[in-house]
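Below is one structure; the comments refer to it alone.
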Amino acid sequence: MMKYDFDRVIDRSVTNDMKWHTGPVRSYLNVEVREDMIPMWIADMDFACPPCVVEAVKARAEKEIYGYCAPGVDYFKAVTYWYKSRYGIALDPACICVVPSVVGAINAAIRAFTQPGEGVIIQQPVYEPFAGLIQQTGRTVVNNGLVCEQGRYRMNFEELEQLAAKPENKLLVLCSPHNPVGRVWSREELARLGRICKENGVLVVSDEIHSDIVYPGHKHTPFWTVEEDFAKHCIVCTAPGKTFNVAGLKMANTLIFDPDMRSRFDAQIKAMSLDVRNTFGLEGVAAAYSPEGEEWLEELLVYLKGNAELVRDYVQEHLPQVDFVEPEGTFLCWLDLTRTGLTDAEILKRVDVEAGVICVPGPWFGKGGERHLRLNIGCTRANLAAAMERIAQALQS
């Protein structure tokens, strides 16, 4: 018996949650969708936040004043506790830069450490805002595409060596664990990437927002710990948003170990007006990074693993023309529909429009995402089963 009930249904249609309202979905997909849609797109979960977080936010609300706040000793103690407990790392609080979001931190890093026209390397198919930020800041997207072999993705190190050697390419955005393909990169893979970048003067910005959602048999390695001197050549972006379902609290932590780099980053954060903290987010994070939050997370991982197994088994039994990419981490599943023979437009029409299961179309993630779908399994098992039944009916018709 688990202490926390992840099967409990919470009505998100009565709040302003984007995921459960047809308006944002229609705007996002640019198509009409069913009113009885099953939303499995935006990457937040349908589970109640940990009770310790809920109680901390309630207690802060009762203080009656919600003015400007700054992180205090308790906040930094909580973040350092988390890294000590989960990874055995003694993290210096001075290295922690508190920002509203990981995307904001990546945006600031691109602006602070590259110039317009210079190249930023990403590994598609990957989270779309990476390419968007690069283009919006006038930098050049340089794709070091992932390679899929027998249903498992790997990095193309040979190509990376060539790209990193070009003097105009100054920065690489790493997704670790990877969204959407679900890889949890091994220490050996990260070491090889890090050495290539270090030798060529390419700064690594590691997005580790999914680092706590890792399944048995796999282990997340924080990038700066892979080799002793990597800390001087990287920025690590973290947040509790995915782990504890608190994305709306707008809190993230950027870890920068070189003082000069930290000063440049802080200056950019101020220039972008990203230095104002969320009053409730400070309390929520301090409560989440605790033994109580850790207990909740361990049960969440068991439930999410069961959800991933449900999708795998359903695909194998009912959708032999669909290839399931087994996730090693994240609460996202990557489905390969290439063998169905359907085009991307046909997949969108059948699954998202007609079946009303709102998945993220693969092309959103760039090259290599064609004829794929990303499915968010951070939901009740009953909802997931209903969604898989709809998808099967849509693809079998």
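Residues take their numbers from the sequence shown, with the count starting at 1.
In the hydrophobic clustering of ILVMFWY residues, with side-chain heavy atoms under 4.5 Å counting as a link, Tyr66 and Leu282 come out together. In the hydrophobic cluster analysis, where Ile, Leu, Val, Met, Phe, Trp and Tyr join through side-chain heavy atoms closer than 4.5 angstrom, Ile89 is grouped together with Ile96. Using a 4.5 Å cut-off between side-chain heavy atoms of Ile, Leu, Val, Met, Phe, Trp and Tyr, with links allowed through other members, Val31 and Trp364 fall into the same hydrophobic cluster. Hydrophobic clustering (side-chain heavy atoms under 4.5 Å, transitive across Ile, Leu, Val, Met, Phe, Trp, Tyr) keeps Val9 apart from Ile377. Trp296 and Val54 fall into different hydrophobic clusters, where Ile, Leu, Val, Met, Phe, Trp and Tyr side chains are chained together by heavy-atom contacts under 4.5 Å.
The distance between the ring centers of Phe76 and Trp82 does not fall below 6.0 angstrom.
Residue Val276 shares its hydrophobic cluster (ILVMFWY side chains chained together at separations under 4.5 Å) with Tyr68. Val214 shares a hydrophobic cluster with Val184; the chain of contacts runs through ILVMFWY side chains whose heavy atoms sit under 4.5 Å apart.
For the pair Val302 and Leu304, the minimum side-chain heavy-atom distance is 4.5 Å or more. With contacts defined as side-chain heavy-atom distances shorter than 4.5 Å, the pair Leu384/Thr380 does not qualify. Looking only at side-chain heavy atoms (C-beta outward), Asn278 and Pro100 stay at 4.5 Å or farther from each other. Side-chain contact check for Ile358 versus Met40: every heavy-atom pair is 4.5 Å or farther apart. Considering only heavy atoms from C-beta on, Ile269 comes within 4.5 Å of Val99 through its side chain. In this structure, Ile122 and Ile134 have side chains that are in contact, with non-hydrogen atoms separated by less than 4.5 Å. Within the 4.5 Å cutoff, side-chain heavy atoms of Val205 are placed close to those of Cys237. Contact annotation: the side chain of Asp323 never approaches that of Val315 to less than 4.5 Å [non-hydrogen atoms, C-beta and beyond].
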### Message
Does Arg8 form a side chain to side chain contact (heavy atoms under 4.5 Å, CB included) with Phe47? I'd like the steps, not just the answer.
### Response
CA-CA 8 Å; Arg8 181 163 68 94; Phe47 310 125; over 6 Å; no
### Query
Can you list the steps and then say if Trp185 with Leu174 is a side chain to side chain contact (heavy atoms under 4.5 Å, CB included)?
CA-CA 10 Å; Trp185 305 116; Leu174 172 68; 4.1 Å; yes
### Task
Could you go through the salt bridge (charged side-chain N to carboxylate O under 4.0 Å, His left out) check for Arg86 and Glu208 one step at a time?
CA-CA 14 Å; Arg86 303 299 290 183; Glu208 303 188 8; over 6 Å; no
### Query
Is there a side-chain hydrogen bond (donor to acceptor under 3.5 Å, both in side chains) between Asp5 and Tyr303 once you walk through the steps?
CA-CA 10 Å; Asp5 183 9; Tyr303 193 88; over 6 Å; no
### Task
Go through the steps for His220 and Ser211 under the test side chain to side chain contact (heavy atoms under 4.5 Å, CB included), then give the verdict.
CA-CA 6 Å; His220 172 74; Ser211 59; 3.3 Å; yes
#### Entry: From CA spacing to verdict: side chain to side chain contact (heavy atoms under 4.5 Å, CB included), Leu255, Tyr83
CA-CA 12 Å; Leu255 311 180; Tyr83 274 92; 3.8 Å; yes
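We find the CZ-OG1 distance between Arg371 and Thr343 to be 7.0 Å, quoted to the nearest 0.5 Å. Rounded to the nearest 0.5 Å, atoms CG (Leu133) and OH (Tyr127) are 8.5 Å apart. Atom CG of Leu160 sits about 6.5 Å away from atom CG of Leu172, to the nearest 0.5 Å. Taken from OG1 in Thr330 to CD1 in Ile209, the straight-line distance is 11.5 Å, to the nearest 0.5 Å. Put simply, CE on Met251 and CZ on Phe280 are 13.0 Å apart, with the number rounded to the nearest 0.5 Å. With rounding to the nearest 0.5 Å, the separation of SG in Cys359 from CG in Leu29 is 9.5 Å.
In this structure a side-chain-to-backbone donor-acceptor pair under 3.5 Å is missing from His178 to Ser176. In terms of modelled atom types and a separation under 3.5 Å, the side chain of Asn376 and the main chain of Leu332 share no donor-acceptor contact.
Among residues two or more places apart in sequence or in another chain, the side-chain hydrogen bond (donor to acceptor under 3.5 Å, both in side chains) test is passed with Tyr215 by none. For Asn307, the side-chain hydrogen bond (donor to acceptor under 3.5 Å, both in side chains) partners are Arg381, not counting sequence neighbours. Listed by chain and number, the residues in a side-chain hydrogen bond (donor to acceptor under 3.5 Å, both in side chains) with Gln162 amount to none (sequence neighbours excluded). With sequence neighbours excluded, the residues forming a side-chain hydrogen bond (donor to acceptor under 3.5 Å, both in side chains) with Glu35 are Arg26, listed by chain and number.
In plain terms, the two heavy atoms of Lys270 and Asp275 that are nearest each other are CG-OD2, 3.8 Å. Across all their heavy atoms, Ala56 and Ala287 have their closest contact at CB-CB, 3.6 Å. Between Ser101 and Lys250 the shortest heavy-atom distance is CB-NZ, 3.9 Å.
There is a side-chain donor-acceptor pair under 3.5 Å between Tyr4 and Glu295. Judged by distance alone, the side chains of Trp334 and Tyr153 do bring a donor and an acceptor atom under 3.5 Å apart. Residues Glu118 and Thr140 bring no donor and acceptor atom of their side chains to less than 3.5 Å of each other.
When the shell of 6.0 Å around CG of Asp36 is examined, it contains more than 12 heavy atoms from other residues, nucleotides or ligands. Atom CG of Asn16 has 12 or fewer heavy atoms from other residues, nucleotides or ligands within 6.0 Å.
A salt bridge is absent between Glu299 and Lys3: the closest approach of a Lys/Arg side-chain nitrogen to an acidic carboxylate oxygen does not fall below 4.0 angstrom.
Phe230 and Phe223 have parallel rings, their planes meeting at less than 30° on a 0 to 90° scale where 60° marks the start of perpendicular.
Sequence neighbours left out, not one pair with a member in residues 279-289 passes side chain to side chain donor-acceptor pair (under 3.5 Å). Listed by first and then second residue, the salt bridge (charged side-chain N to carboxylate O under 4.0 Å, His left out) pairs involving residues 348-358 are Lys349-Glu354 (not counting sequence neighbours). Identified under the salt bridge (charged side-chain N to carboxylate O under 4.0 Å, His left out) test for residues 154-166, with sequence neighbours left out: Glu149-Arg154, Glu158-Arg192. Among pairs with a residue in residues 37-57, those fulfilling side chain to side chain donor-acceptor pair (under 3.5 Å) read Arg12-Asp44, Arg12-Asp46, Lys19-Asp46, Trp20-Asp46, at least two apart in sequence or across chains. Applying the side chain to side chain donor-acceptor pair (under 3.5 Å) rule to pairs touching residues 221-249 yields Arg195-Glu227, Lys198-Asp229, Asp212-Thr243, sequence neighbours excluded.
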Give the table of side-chain donor-acceptor pairs shorter than 3.5 Å for residues 105-115, with sequence neighbours excluded, one pair per line with atom names and distance.
from, atom 1, to, atom 2, distance (Å)
Asn107, OD1, Arg111, NE, 2.7
Thr114, OG1, Ile110, O, 2.5
Thr114, OG1, Arg139, NE, 2.8

